[in-house]
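Heads up, the thing below is written out as C-alpha cells.
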Amino acid sequence: KNFQNFSIDGFVGGSIFYQQNEGIESFTQGGLTIPAFYSLKASTLPATVNSVIYKNQINSLYGKVGFGWKDLVYLEGTGRNDWASTLPKATRSYFYPSISGSFIPSELLPQKDWLSYWKLRASYATYRTPAAIYAINNVYSISTNSWGNLSSASFPTSIRPSNIKPEGSSSLEIGTNAAFLNNRLSADVTLYRKRMYDFIVKASISPSSGFNSVFTNSDEERARRGIEITLNATPVQTNKLTWNVSFNWTKYATYFTRLDSLYSVNNRDWVKVGKRVDYYTINEYQTDNQGHVVYNNGVPTYKPILSLAGYSDPDWVWGFNTSLKYNNFTLALSVDGRVGGLAQSTTEMYMWISGNHPKSLTDARYQDATNPGTKNFLGDGVKVVSGSITYDANLHVVSDTRQFAPNDVYTTYKSYISALHKGTAWGGVPSPVDLYSTTFLKLRELSVSYRLPESF
C-alpha cells in the first residue's frame, strides 16, 4: 500500500515441516568364510542387522512488515516462532526476529556527475537451531547375539536434561555502497559481528555419577568479526572497447567472548577470553635447547600436551576479475586466493602410515625389505643421557635437568615412520610433518568468447 510519500508491505504465513527417514542395513562380522563371496551367509560370525527410523516436525508462524518513505528511507522487520519436536516441551517453542534499514543520502544531495548513488544500511538478525533428532531422548540401546542367541539392552551413559534450549546466534551488520562517475566506479564495504551462544554440547563428567557425559547447553559464547570490501571499475568504455575490473577482499576471525567454568577447556593457554576459536593444535616433538628432536629407543618422542601451531581460518581472502570486450570478442580473467591458515592432509597421513607415500621409497626402507627385522635406520637428533623433565597439573614444564648426546640408537625404518607420524594414523591430530599452509593463488578462469551478430 502507498500513502502519499509512504509505502508499506508485508505478509504473514505458517508452515509445517515434517520429515521421516527409514533405513535397514546388515553386514558380516569377523570376515568371510569363503573369500570373495560377498554374502551375509558367508559371515564368519552371526551377521548384524540394524534398523533405523527418524522422524521430526517443526511447526512455524512467521511474518514480515516493511516501511518506506519516498525513495530515501526503508525499514523492515521480521519475526518467526518455531515449535520443534526435537526439544523438550518446556523449550520447544522459540522466537527469533530481525530488523534491517537503509538510508540513501544521495537522494538529498544535489545532482553531481561524480556521485551516482550512495546508500547506508544496517541489519540485526537472530537465529535458533534446535537439537538433533532424538538427541534429548533417553532410550535403551539394543544389541543382538550378546549372550549366545540372546539380545541385550543397555541404558545410555549420557544424562539428557529436560531443559535443553536451541542453539542461538545474533548478527549485526553495517555497510555502505556508493557509485561514482555515472556508475563507472563503485565500492561496497561491510562490517559484521556474529554472536553465538547456548551451544548444545556433550560434556564429560565424573564416571562416579554412573554416567560418562551430560547433554546440555554450554554458557560459552563466541563472536565472529569480519570485514568485506568490493571495488568495481570500468576504466575504458567506448562504442567498441570496454574494460571492466573488480576486486574483493575479506578478513574474519572468531573469538571466545565467554567461557563455561564447567564445560569449556580452561587449562590451555590458547583457550581464553579474547583468543581465537579456530586454534590448530599438533603433536609437537620433544626437543633440546637447540631445537634437535629428542629420540628414545631410536624413535622421536612427543610432548605430553598438544601445542598451538596456528589457526585454521585464513588471515584474509581475495579475488580479482577483469574482462576486456572489443566489438563481439571478450577476454575474461578470474584469479583468487587466500593467505594464511593451516590444514592437515588426511590423504597423506593415511599414505604414510600405510606405507604408500612416494617419499617413503628410501634406501632405509629397502634395507627393511631385504633384511626384515634388522635395525638399520639412525634418526638425526639427540637422546637423553641423564636428568629428567617434570610438569605441573596442566602439563607445563616445571623443571628440565636433561643432558643430551647425539642419537646413536638404530631402529627399523617402519618404526621410525610410525613414530614420526604418531597420532596421525587414520586422521588424528597431526604431527609437524603433516601440517600444511592453506595459502594459495589460483587462476580460476581464463576465457575467450565471441558473440554472434544479432542478425544471426
Side-chain angles (χ1 to χ4, degrees), residues 15-60 82-94 128-168 198-220 260 262-265 346 349-350 353-354 423-429:
S15 68
I16 297 176
F17 173 77
Y18 172 81
Q19 67 173 343
Q20 177 173 324
N21 300 318
E22 296 185 43
I24 186 169
E25 65 177 0
S26 56
F27 47 91
T28 61
Q29 290 194 102
L32 302 175
T33 57
I34 303 174
F37 179 42
Y38 299 104
S39 170
L40 295 176
K41 292 183 178 181
S43 178
T44 301
L45 299 175
T48 297
V49 178
N50 286 329
S51 177
V52 295
I53 181 169
Y54 295 96
K55 300 178 182 179
N56 78 303
Q57 181 170 316
I58 297 179
N59 300 335
S60 304
D82 288 348
W83 291 263
S85 65
T86 61
L87 291 172
K89 186 176 181 179
T91 61
R92 69 177 47 157
S93 173
Y94 49 93
R128 287 284 185 171
T129 304
I133 300 176
Y134 305 136
I136 65 170
N137 294 60
N138 279 312
V139 295
Y140 285 89
S141 299
I142 307 299
S143 300
T144 58
N145 304 313
S146 296
W147 284 79
N149 295 324
L150 299 178
S151 300
S152 68
S154 56
F155 195 72
T157 58
S158 181
I159 299 176
R160 292 172 168 83
S162 60
N163 59 349
I164 296 294
K165 297 179 292 186
E167 293 186 344
D198 287 339
F199 293 101
I200 299 176
V201 298
K202 190 175 182 180
S204 298
I205 59 176
S206 173
S208 62
S209 63
F211 296 87
N212 295 325
S213 60
V214 59
F215 192 77
T216 186
N217 291 104
S218 171
D219 288 334
E220 182 176 299
D260 190 301
L262 292 177
Y263 305 127
S264 294
V265 179
T346 304
M349 293 159 67
Y350 281 25
I353 211 68
S354 61
T424 65
W426 324 128
V429 178

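Throughout, residue positions are numbered sequentially from 1 according to the sequence presented.
Partners of S152 according to the side-chain hydrogen bond (donor to acceptor under 3.5 Å, both in side chains) rule, which considers only residues two or more places apart in sequence or in another chain, are S146. Take Y54 and apply the ring pair (Phe, Tyr, Trp, His ring centres under 6.0 Å) test, not counting sequence neighbours, and it matches Y134. Looking at residues two or more places apart in sequence or on another chain, you find a side chain to side chain contact (heavy atoms under 4.5 Å, CB included) between N59 and I16, Q57, W83. Residues satisfying the side chain to side chain contact (heavy atoms under 4.5 Å, CB included) criterion with S15, sequence neighbours excluded, are S60, Y62, R80. Qualifying side-chain hydrogen bond (donor to acceptor under 3.5 Å, both in side chains) partners for S209, counting only residues two or more places apart in sequence or in other chains: none. For E22, the side chain to side chain contact (heavy atoms under 4.5 Å, CB included) test picks out Q20, I53, with sequence neighbours left out. Residues satisfying the side chain to side chain contact (heavy atoms under 4.5 Å, CB included) test with S26, not counting sequence neighbours, are L40, V49. In this structure S208 satisfies the side-chain hydrogen bond (donor to acceptor under 3.5 Å, both in side chains) test together with S206, sequence neighbours excluded. Partners of Y140 according to the ring pair (Phe, Tyr, Trp, His ring centres under 6.0 Å) rule, which considers only residues two or more places apart in sequence or in another chain, are F155. In terms of the side-chain hydrogen bond (donor to acceptor under 3.5 Å, both in side chains) criterion, N163 has no residue partners (sequence neighbours excluded).
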Show me the donor-acceptor pairs within less than 3.5 Å that the side chains of residues 211-219 make with the rest of the protein, sequence neighbours left out.
from : atom 1 : to   : atom 2 : distance (Å)
S213 : OG     : S158 : OG     : 3.1
N217 : OD1    : K165 : N      : 2.7
N217 : ND2    : K165 : O      : 3.0
N217 : ND2    : D198 : O      : 3.1
S218 : OG     : E220 : N      : 3.0

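The side chain to side chain donor-acceptor pair (under 3.5 Å) contacts involving residues 37-49 comprise Q29-T48, where partners must be two or more places apart or lie in separate chains.
No side-chain donor-acceptor contact under 3.5 Å links S51 to the backbone of I24. Formation of a donor-acceptor pair under 3.5 Å by the T129 side chain with backbone atoms of E167 is not found in this model.
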Steps toward side-chain contact (heavy atoms from CB on, under 4.5 Å) verdict (K55, I133)
CA-CA 7 Å; K55 300 178 182 179; I133 300 176; over 6 Å; no
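Here the straight-line distance linking atom CG of N50 with atom OG of S143 works out to 9.0 Å at 0.5 Å rounding. Atom CD1 of I200 and atom CD1 of I136 lie 9.0 Å apart (nearest 0.5 Å). A distance of 13.0 Å separates CD1 of I58 from OH of Y18, quoted to the nearest 0.5 Å.
Looking at P130 and Y94, their side chains come closer than 4.5 Å, going by heavy atoms from C-beta outward.
Atom CG of N149 has 12 or fewer heavy atoms from other residues, nucleotides or ligands within 6.0 Å.
Looking at every heavy atom in both residues, L262 comes nearest to D260 through N-OD1, 2.7 Å.
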